[in-house]
Enquirer: 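Please read through the structure below; I'll follow up with questions.
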2 protein chains.
Amino acid sequence: MAAKDNSTEQHIKETAMRVFFKEGRFNATTQEIADAAGVNRTLLHYYFRTREILLDIVLKEGKSAFRTKLAETVDPALSFKEKISRLIDVWMEHILEFPYLDAYLVSQMSNTDFLESMKKEEKENSKKTEAFFEELQVEMNAGRIKKMDPTQFLLNFISMVSYPLVMRPLLEASMFKTKRAYNQALEHRKEAILAALFI
Amino acid sequence: MAAKDNSTEQHIKETAMRVFFKEGRFNATTQEIADAAGVNRTLLHYYFRTREILLDIVLKEGKSAFRTKLAETVDPALSFKEKISRLIDVWMEHILEFPYLDAYLVSQMSNTDFLESMKKEEKENSKKTEAFFEELQVEMNAGRIKKMDPTQFLLNFISMVSYPLVMRPLLEASMFKTKRAYNQALEHRKEAILAALFI
DNA sequence: CCTTTGTTTAACAAAATTGTCAAATATCAT
DNA sequence: ATGATATTTGACAATTTTGTTAAACAAAGG
């Protein structure tokens with residue numbers, strides 16, 4: 001293999017992503033990750049040197065991919081409601097793919113570095129948020145949404161989309177009789193959210 | 001000290017509760033917990049034998065206390081909306097006190113034992129849930145709530161109450177300019193939730 | 001005073017985990 | 001075939017963490 005081939009490196013990252021954020025095994029050891037990837041543990045250190053660096057990279061790339069996806073989703077030509085509708089789709093899809101990502105982020109929030117990088121993101125997104133709020137204001141004036149603080153609308157929106165998926169194992173076990181019942185509820189989730197957000 | 005005095009044992013439990021579920025340090029070592037409690041590490045093992053047992057006890061007692069609190073809150077004489085209103089108060093208060101508890105529960109959900117104990121709780125609560133759904137049905141028929149699947153109403157409710165608090169560090173850092181702005185939003189959270197749930 | 005209970009101290013073994021290294025193999029490109 | 005890169009193997013030191021034990025000390029009650 002003379003030519004640089006990063007497929008194994010990529011494969012390790014994807015495996016780590018799976019173990020951490022799909023399966024929620026936040027304390028997985030380097031050995032477990034290597035096993036899951038079908039690769040020798042030394043190779044992890046060869047490519048990423050430390051477990052922490054690997055986790056950092058995986059997290060950063062995951063977040064970045066999601067941000068890109070979200071941005072691509074919002075077509076300015078669409079109606080506000082249609083925008084929201086598509087956002088719900090993409091957002092739910094993403095959390096379904098990596099259900100433990102948010103829980104991990106929160107659990108790491110006492111870490112100062114994380115907070116810093118988050119605040120940087122906020123600044124980059126603040127323009128989009130303001131634009132969103134303006135559109136929202138128009139909808140409220142048009143009587144298609146109850147008048148309220150835009151912030152509260154945003155919180156309602158994110159909450160209703162994320163929570164049932166992020167806390168899925170908890171809700172499924174503690175409030176529903178069967179997994180099937182929960183899956184059915186999720187299937188109709190989007191309409192329920194839209195109905196709650198719009199008059 | 002001839003007489004049995006369990007104040008230190010209690011103090012250790014409270015400290016563990018604080019470290020784990022108020023501060024979110026899920027990986028705190030027995031040494032760190034002992035330090036936080038101002039007590040020798042050996043004493044932890046003396047009372048609880050293992051770290052795992054201590055965590056189990058703390059978690060079980062915490063959940064049980066919350067369940068009791070919730071049950072006490074619901075006065076059958078109140079109107080449905082008033083019941084919901086009080087539930088929001090108690091619920092938010094509880095999450096404010098132990099913001100990391102839900103995240104921990106979710107992170108442990110791959111653990112089979114947890115799932116089992118959760119399912120047991122579901123069975124105990126299923127009667128209450130059904131009663132809740134019946135009341136909800138009455139409200140819908142009376143036109144005070146949009147007609148929808150009661151399950152979706154419940155998911156909307158829990159989501160809007162919990163998510164902004166459970167994910168607080170995340171939302172605060174990534175979407176708000178200041179902590180103060182977030183606190184202000186939380187102050188008006190209850191009315192916003194009620195407005196979204198009721199017509 | 002003596003006993004019991006609570007608590008600390010120190011030391012220890014065992015296990016788990018991490019990160020590093022050197023050497024051996026494998027695989028591919030030229 | 002040769003060289004270069006990818007990957008495995010085995011071994012190792014260092015560290016962290018856990019759980020146990022024995023001994024000493026403190027305090028309070030009878």
Side-chain angles (χ1 to χ4, degrees), chain A residues 1-61 100 104 107-108 110-114, chain B residues 1-61 100 104 107-108 110-114:
Chain A
M1 292 187 192
K4 195 140 200 172
D5 176 4
N6 65 356
S7 74
T8 302
E9 183 174 354
Q10 196 60 34
H11 176 237
I12 293 175
K13 284 200 283 195
E14 278 163 17
T15 304
M17 192 109 185
R18 190 187 87 213
V19 170
F20 289 136
F21 305 131
K22 286 193 184 213
E23 301 171 5
R25 295 162 52 200
F26 302 147
N27 294 322
T29 66
T30 52
Q31 184 64 65
E32 287 172 316
I33 298 168
D35 288 351
V39 117
N40 195 280
R41 185 173 68 89
T42 313
L43 207 56
L44 259 71
H45 293 103
Y46 171 71
Y47 281 127
F48 307 102
R49 214 174 80 251
T50 74
R51 180 187 182 281
E52 205 187 345
I53 293 176
L54 170 59
L55 217 168
D56 271 8
I57 291 177
V58 161
L59 188 63
K60 202 164 292 180
E61 293 191 0
Y100 290 93
Y104 177 77
S107 81
Q108 295 303 312
S110 38
N111 187 326
T112 322
D113 295 346
F114 268 75
Chain B
M1 293 187 191
K4 194 138 199 170
D5 176 3
N6 65 356
S7 73
T8 302
E9 183 173 355
Q10 196 59 34
H11 175 236
I12 292 174
K13 285 199 284 196
E14 279 162 16
T15 304
M17 190 112 186
R18 190 187 88 215
V19 170
F20 290 135
F21 305 131
K22 287 191 182 214
E23 301 171 7
R25 295 161 52 199
F26 301 147
N27 294 322
T29 67
T30 53
Q31 185 63 63
E32 287 172 315
I33 298 168
D35 289 349
V39 117
N40 194 281
R41 185 173 68 91
T42 314
L43 208 56
L44 259 72
H45 293 102
Y46 171 72
Y47 281 126
F48 306 103
R49 215 172 78 251
T50 74
R51 181 187 182 281
E52 203 186 347
I53 293 176
L54 170 59
L55 218 168
D56 271 7
I57 292 176
V58 160
L59 188 63
K60 202 165 291 180
E61 293 190 2
Y100 290 93
Y104 177 77
S107 81
Q108 294 304 310
S110 38
N111 186 328
T112 323
D113 296 347
F114 268 76

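Every chain is numbered from 1, with letters handed out A, B, ... down the list of sequences.
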Enquirer: Once you round it to whole Å, what is the distance between C1' of dG19(D) and CG of L54(B)?
Expert: 14 Å
Enquirer: Holding to ring-ring contact (aromatic ring centres under 6.0 Å, His included), I want the full list of residues that pass it with F26(A), two or more places apart in sequence or in another chain.
Expert: Y104(A)
Enquirer: Within this structure, what is the CD1-to-P distance between I53(A) and dT18(C), rounded to whole angstrom?
Expert: 14 Å
Enquirer: Take atom CG of L43(B) and atom P of dG6(C), then tell me their distance rounded to the nearest Å.
Expert: 10 Å
Enquirer: Without decimals, in angstroms, what is the distance between L44(B) CG and dT17(D) C1'?
Expert: 13 Å
Enquirer: May I have all residue pairs that pass salt bridge (charged side-chain N to carboxylate O under 4.0 Å, His left out) and include part of residues 34-61 of chain B, sequence neighbours excluded?
Expert: K13(B)-E61(B)
Enquirer: Between atom CD in E52(A) and atom C1' in dT16(D), what is the gap in whole Å?
Expert: 15 Å
Enquirer: Can Y47(A) and L54(A) be said to form a side chain to side chain contact (heavy atoms under 4.5 Å, CB included), step by step?
Expert: CA-CA 9 Å; Y47(A) 281 127; L54(A) 170 59; over 6 Å; no
Enquirer: With a 4.5 Å heavy-atom cut-off, do F48(A) and L55(A) have their side chains touching?
Expert: no
Enquirer: Can you check whether Y47(B) has a side-chain N or O nearer than 4.0 Å to OP1 or OP2 of dT7(C)?
Expert: yes
Enquirer: Nearest whole angstrom, please: distance from the P of dC21(C) to the NE2 of H45(A).
Expert: 12 Å
Enquirer: dT7(C) P sits how many Å from Q10(B) CD, rounded?
Expert: 13 Å
Enquirer: Please give the angle, rounded to 10 degrees, between the axes at the start and the end of the helix from dC1(C)-dG30(D) to dT30(C)-dA1(D), where five pairs define each axis.
Expert: 10°
Enquirer: Look up atom CD in E9(A) and atom CD1 in I57(A), then write down how far apart they are to the nearest 0.5 Å.
Expert: 7.5 Å
Enquirer: In chain order, what residues pass the side chain to side chain donor-acceptor pair (under 3.5 Å) check against T42(A), with sequence neighbours excluded?
Expert: N40(A)
Enquirer: Under the salt bridge (Lys or Arg N to Asp or Glu O under 4.0 Å) test, which residues partner R25(A), sequence neighbours left out?
Expert: E23(A), E32(A)
Enquirer: Grab the two heavy atoms, one from H45(B) and one from T50(B), that are nearest each other, plus how far apart they are.
Expert: CD2-CA, 4.3 Å
Enquirer: So if I take residues 26-42 of chain B and measure heavy-atom distances to DNA chain C, which residues fall below 4.0 Å?
Expert: V39(B), N40(B), T42(B)
Enquirer: Output the rounded distance in Å from CD1 (I12(A)) to P (dA6(D)).
Expert: 12 Å
Enquirer: Might you point out which heavy atoms bring F20(B) and I33(B) nearest each other, and give the distance in Å?
Expert: CZ-CD1, 3.5 Å
Enquirer: Does dA6(D) have OP1 or OP2 under 4.0 Å away from a side-chain N or O of Y46(A)?
Expert: yes
